[in-house]
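Below is one structure, written out as structure tokens; the observations come after it.
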Amino acid sequence: MAQEHYANALTSFDHVSFQEDLITWFLAEQRDLPWRKDQTPYKVWLSEIMLQQTRVDTVIPYFNRFVSSFPTLEALAQADEQDVLKHWEGLGYYSRARNFQSAVREIVSTYGGNVPADKKSFQALKGVGPYTAGAVLSIAFNKAEPAVDGNVLRVFSRLFAIADDIAEEKTRKAFEAVVATVMDKERPSEFNQGVMELGAIVCTPKKPTCLICPVRAHCQAYATGQEDVLPVKKKKKKAKEKHMTALVITDENGDWLIHKRPSQGLLANLWEFPNCETVNRAQLQKDQAMHWVEEEYHIHVEVNEHLLSVKHAFSHLVWNIDVFHASLQTPFEGREGLQFVSEEEILQYPFSVSHQKILHHIIEGERA
DNA sequence: AAGGCGGGGTT
DNA sequence: AACCCAGCCTT
């Protein structure tokens with residue numbers, strides 16, 4: 001359908017009237033959000049990173065805590081990565097935090113602490129893609145750049161009744177061109193935020209509330225009754241399930257053994273209880289886990305009672321973790337990334353949510 | 001172009 | 001259970 005449909009849709013579209021209806025509504029109805037108070041490049045940028053694939057309500061407390069601990073670019077640049085990850089704990093997609101700090105360090109070292117206001121330079125930074133670059137440049141610098149996220153794809157696919165698959169990159173590029181044409185070049189910040197706010201509050205994925213929509217008069221999907229079938233998006237594949245066995249290994253002091261995950265891949269640089277993939281058969285998995293820690297960490301343990309089971313779903317896989325208590329049978333000297341820690345110390349380390357569930361369970365057990 | 005990368009709220 | 005969320009990176 002592509003180009004011709006886009007061109008036809010645009011010719012019969014009243015850009016100025018749409019801009020006016022959208023921005024008037026946004027200025028009157030926008031939510032009071034912490035990153036809208038003081039729109040410095042640093043805070044706008046941080047909010048956009050945190051908001052990637054993450055709901056506003058989830059982000060709010062994380063944003064406030066993060067800004068409180070790292071109030072400036074310089075403060076974040078100087079912070080310890082583990083401390084930054086601790087502030088991101090539970091938010092997910094942890095490479096966002098590591099990439100953001102890396103990019104901020106580059107701002108301080110290469111750009112003298114000033115965020116570049118041109119798209120090419122900004123998008124070259126780690127973790128900054130086309131959406132984030134457009135969002136920061138338009139909101140923090142009022143540059144007329146499109147910022148096409150999931151909301152914008154949904155709103156515009158309905159506005160122009162475009163049935164192209166919004167999961168495809170070529171569709172996103174085409175929408176970027178449409179937004180660049182339609183947007184208010186004098187008020188790019190209000191325009192871009194207005195479209196996203198509309199997508200979040202009114203033009204929702206399911207059951208959009210067209211009757212209160214400020215731009216209903218401009219909407220092709222509403223006019224033709226297609227708001228419930230647009231946008232078109234291809235389905236995701238199902239997550240694969242893995243069965244894991246984790247060990248809570250205690251030494252003679254009652255301290256627990258924890259391990260730092262590799263610096264790349266899933267949950268990079270977060271900490272965990274020693275674990276491996278196993279079969280789902282009680283006695284067999286205890287043996288497998290015992291041999292695994294012997295191979296991997298060169299320690300001998302006795303595996304004891306079952307403590308709990310944790311089911312944890314990621315978007316691309318599911319972990320079913322059986323957790324056992326184990327006791328250390330041989331002397332052990334700590335090393336980088338593998339050490340025994342007390343209950344007090346363990347709370348300083350960043351853990352993924354799945355292993356936080358284990359941690360909370362054994363701390364409860366200590367108290368009981 | 002497709003898959004990895006988290007976690008939680010809604011329907 | 002499926003879908004979605006102010007996406008980006010690697011292969």
Side-chain angles (χ1 to χ4, degrees), chain A residues 26 30-31 33 35-36 43-63 85 88-100 102-103 122-140 146-155 165-173 176 179 189 191-201 203-208 228 231-241 261-262 264-270 310-319 350-357:
Chain A
F26 172 67
Q30 64 173 304
R31 291 166 292 177
L33 301 175
W35 46 88
R36 286 180 174 161
K43 290 186 187 175
V44 171
W45 185 7
L46 170 63
S47 72
E48 294 301 342
I49 299 296
M50 285 188 164
L51 286 162
Q52 288 170 11
Q53 301 291 287
T54 311
R55 287 167 201 288
V56 164
D57 290 340
T58 303
V59 167
I60 290 172
Y62 282 90
F63 177 85
L85 285 173
W88 215 271
E89 188 180 60
L91 199 54
Y93 288 136
Y94 299 93
S95 65
R96 291 183 296 177
R98 297 186 298 115
N99 287 338
F100 182 52
S102 169
F122 190 67
Q123 200 176 326
L125 296 163
K126 271 189 187 169
V128 179
Y131 164 73
T132 302
V136 173
L137 287 183
S138 62
I139 298 171
V148 178
D149 70 338
N151 287 310
V152 179
L153 288 168
R154 183 172 60 256
V155 169
D165 181 357
I166 63 167
E168 291 188 16
E169 169 64 10
K170 64 183 179 189
T171 306
R172 193 197 61 77
K173 295 277 281 185
E176 223 169 41
V179 173
S189 172
F191 183 90
N192 283 342
Q193 290 187 80
V195 180
M196 291 188 272
E197 194 80 348
L198 189 72
I201 297 177
C203 196
T204 48
K206 312 266 183 188
K207 304 281 177 189
D228 287 328
V232 172
K233 191 176 185 181
K234 69 164 166 288
K235 298 186 197 305
K236 288 182 183 171
K237 294 183 175 177
K238 265 185 62 178
K240 291 178 180 170
E241 298 217 18
R261 295 178 60 89
Q264 295 196 341
L266 184 64
L267 305 170
N269 286 355
L270 298 189
V310 174
K311 184 184 178 75
H312 189 79
F314 301 85
S315 38
H316 60 302
L317 62 97
V318 179
W319 280 352
F351 282 78
S352 68
V353 168
S354 54
H355 283 247
Q356 279 183 66
K357 290 174 185 168

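Computed over heavy atoms, backbone and side chain alike; hydrogens, waters and symmetry mates excluded. Nothing here was measured: the structure is a model prediction, and the numbers come from that model. Residue numbering restarts at 1 for every chain, and letters A, B, ... go by the order of the sequence lines.
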### Task
Report yes or no: do A:Q52 and A:Y131 form a side-chain donor-acceptor pair below 3.5 Å?
no
Distance in angstrom units between [X] [atom1] and [N] [atom2], rounded:
X: A:L91; N: B:dG9; atom1: CG; atom2: P; answer: 12 Å
X: A:L317; N: B:dG6; atom1: CG; atom2: P; answer: 9 Å
X: A:F351; N: B:dG6; atom1: CZ; atom2: C1'; answer: 17 Å
X: A:R96; N: B:dG6; atom1: CZ; atom2: P; answer: 9 Å
X: A:D165; N: B:dA2; atom1: CG; atom2: P; answer: 10 Å

### Query
How far does the P atom of C:dC3 sit from the matching atom of B:dG3, given to the nearest Å?
15 Å
### Query
Can you tell me how far P in C:dT11 sits from the matching atom in B:dG6, rounded to whole Å?
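Approximately 16 Å lies between the P atom of C:dT11 and that of B:dG6.
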### Task
Could you check A:E169 against A:K173 for salt bridge (charged side-chain N to carboxylate O under 4.0 Å, His left out), going step by step and ending with a plain yes or no?
CA-CA 6 Å; A:E169 169 64 10; A:K173 295 277 281 185; 5.3 Å; no
## Note on the structure
5'-most contact on DNA chain B (nearest-nucleotide basis), A:A313 vs A:K237, goes to A:K237
### Message
For A:Y94 versus A:S352, what's the shortest heavy-atom pair and its separation?
### Response
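Scanning both residues completely, I find the closest heavy atoms to be OH-CA, 4.5 Å.
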### Query
Does a sphere of radius 6.0 Å around CD in A:Q264 hold more than 12 heavy atoms from other residues, nucleotides or ligands, not counting ones at 6.0 Å or beyond?
no
#### Entry: Whether A:Q123 side chain and A:V128 backbone form a donor-acceptor pair below 3.5 Å
no
### Query
Base, sugar-phosphate, or nothing: which does A:S352 touch, judged by heavy atoms less than 4.0 Å apart?
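Sugar-phosphate, backbone atoms only, no base.
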### Message
Counting the atoms with a prime plus P, OP1 and OP2 as sugar-phosphate, which does A:L267 contact under 4.0 Å by heavy atoms, base, sugar-phosphate, or nothing?
### Response
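The answer is sugar-phosphate, as A:L267 gets under 4.0 Å only of primed atoms, P, OP1 or OP2.
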### Footprint string (nucleotides 3-8 of chain C, 5' to 3'): B base within contact, S backbone only, - free, heavy atoms under 4.0 Å
SBBBBS
